[in-house]
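The next block holds one structure in the form of structure tokens; read it before the comments.
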Amino acid sequence: MDARILVVEDDLTVAEVVVGYLRHAGLEPRHAVDGRTALEIAETWLPDLVVLDLMLPGVGGLEVCRRLREKEDARASLPVIMLTALGEESDRVLGLESGADDYVTKPFSPRELTLRVQAVLRRARAASAAEVTPQPVRSGRLEVDVAARRARSDGRELDLTVREFDLLAFFVFHPGRAFTRAELLEQVWGWSFGDLSTITVYVRRLRDKVEREPGSPVQLQTVWGVGYRWEANPS
């Protein structure tokens, strides 16, 4: 798998180990010691994926991720794996809300990080290579256009991150069926491993954007003891 990987990490020891593992896996890694340097490299070197530390000197990891997501071209969907120093849910949520595709908590296994990098790359490439582009689908108040990657509610366009759109589109095209969080991780993003709370975070964020009353959802419903179900035509 030939791909450019930008590793943004101010701990030189950690960076050296990560770069070594990625290079051994056949990838082309490049290291940036701070956020400002990372943004400059991303502008010209055009990485295929970024491994990004949350805590950086100067421009922090969240700001770097936000700026990458602001790009008005193909790099707006640049895959990002966030490295977090703590395992608290608040840290994971911050990373996911900034647009990260995955996160790894320090201390971590370099081999596991390498496997996650490869998994995220496969998903990103499969998505870009997909030839089937379904027609826009209406579901209750929503209209989802997978080809254009746009969603509207009552005619108003929704501001969705890449991962939020992926999850919403999956639900809309699979109405009426209850999915566990593990099934959603696997079927939406191809993750055979990962923290199930990732789905909880994205469901909460989607409800805030698609439901009139997020605290009493009518379309993205919780199925207690199972997971979540999408109602196409709620009463």
Side-chain angles (χ1 to χ4, degrees), residues 1 3-42 45 47-69 77-124 161-164 181-182 184-186 188-205:
M1 181 182 291
R4 295 180 173 185
I5 312 298
L6 178 57
V7 178
V8 190
E9 170 63 68
D10 62 323
D11 187 320
L12 298 182
T13 301
V14 172
E16 182 179 0
V17 172
V18 170
V19 166
Y21 268 79
L22 294 174
R23 184 173 290 120
H24 183 71
L27 301 166
E28 182 183 351
R30 185 169 175 180
H31 175 228
V33 73
D34 56 46
R36 189 173 304 280
T37 303
L39 290 170
E40 293 173 355
I41 293 175
W45 191 57
D48 297 295
L49 182 144
V50 178
V51 175
L52 180 61
D53 189 17
L54 179 64
M55 303 299 294
L56 292 169
V59 183
L62 292 178
E63 179 64 13
V64 171
C65 192
R66 185 186 67 79
R67 293 189 191 182
L68 290 172
R69 294 303 187 197
S77 58
L78 173 66
V80 174
I81 296 179
M82 192 76 76
L83 302 180
T84 64
L86 301 174
E88 298 295 332
E89 181 181 1
S90 59
D91 295 290
R92 298 196 299 268
V93 171
L94 281 175
L96 294 172
E97 288 184 342
S98 70
D101 297 81
D102 199 357
Y103 66 90
V104 176
T105 303
K106 294 181 178 180
F108 57 84
S109 161
R111 184 174 183 275
E112 178 189 348
L113 175 60
T114 301
L115 290 173
R116 290 192 181 222
V117 166
Q118 292 171 324
V120 172
L121 281 172
R122 282 194 295 269
R123 293 197 303 273
T161 67
V162 172
R163 297 305 150 201
E164 289 169 356
R181 291 185 295 173
L184 291 170
L185 280 175
E186 174 67 27
V188 179
W189 300 308
W191 297 357
S192 57
F193 51 82
D195 193 331
L196 296 181
S197 66
T198 300
I199 292 295
T200 306
V201 170
Y202 279 120
V203 165
R204 182 168 64 240
R205 287 174 56 80

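Keep in mind it's a predicted model, so treat the numbers as computed, not measured.
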key: Summary of side chain to side chain donor-acceptor pair (under 3.5 Å) pairs that have at least one residue in residues 30-39, sequence neighbours excluded   =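 Passing the test, one end in residues 30-39: Asp34-Thr37.
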
For Glu16, side-chain contact (heavy atoms from CB on, under 4.5 Å) partners two or more places apart =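 Glu16: no side-chain contact (heavy atoms from CB on, under 4.5 Å) contacts found.
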
Any non-hydrogen side-chain atom of [X] less than 4.5 Å from a side-chain atom of [Y]?
{"X": "Leu56", "Y": "Val33", "answer": "no"}
{"X": "Val188", "Y": "Ile199", "answer": "no"}
{"X": "His24", "Y": "Thr114", "answer": "no"}
{"X": "Thr200", "Y": "Arg181", "answer": "yes"}
{"X": "Arg116", "Y": "Ile81", "answer": "yes"}
{"X": "Phe108", "Y": "Leu83", "answer": "yes"}
{"X": "Val117", "Y": "Ile5", "answer": "yes"}

Could you tell me the separation between the [atom1] atom of [X] and the [atom2] atom of [Y], rounded to the nearest 0.5 Å?
{"X": "Glu63", "Y": "Leu52", "atom1": "CD", "atom2": "CG", "value": "11.0 Å"}
{"X": "Leu27", "Y": "Leu49", "atom1": "CG", "atom2": "CG", "value": "9.0 Å"}
{"X": "Glu28", "Y": "Leu22", "atom1": "CD", "atom2": "CG", "value": "11.5 Å"}
{"X": "Tyr103", "Y": "Leu54", "atom1": "OH", "atom2": "CG", "value": "12.5 Å"}
{"X": "Asp53", "Y": "Asp11", "atom1": "CG", "atom2": "CG", "value": "8.5 Å"}
{"X": "Asp10", "Y": "Met55", "atom1": "CG", "atom2": "CE", "value": "9.0 Å"}

Qualifying residue, where the test is side chain to side chain donor-acceptor pair (under 3.5 Å) with Arg163 and the options are Thr198, Asp101, Asp102 =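 Exactly one option meets the side chain to side chain donor-acceptor pair (under 3.5 Å) with Arg163, and it is Asp101.
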
inquiry  = I'd like to know if the side chain of Arg205 and the backbone of Glu164 have a donor-acceptor N/O pair within less than 3.5 Å.
reply    =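 Pair absent, no side-chain N/O of Arg205 close to backbone of Glu164.
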
side-chain contact (heavy atoms from CB on, under 4.5 Å) evaluation trace for Leu113 with Tyr21 = CA-CA 9 Å; Leu113 175 60; Tyr21 268 79; over 6 Å; no

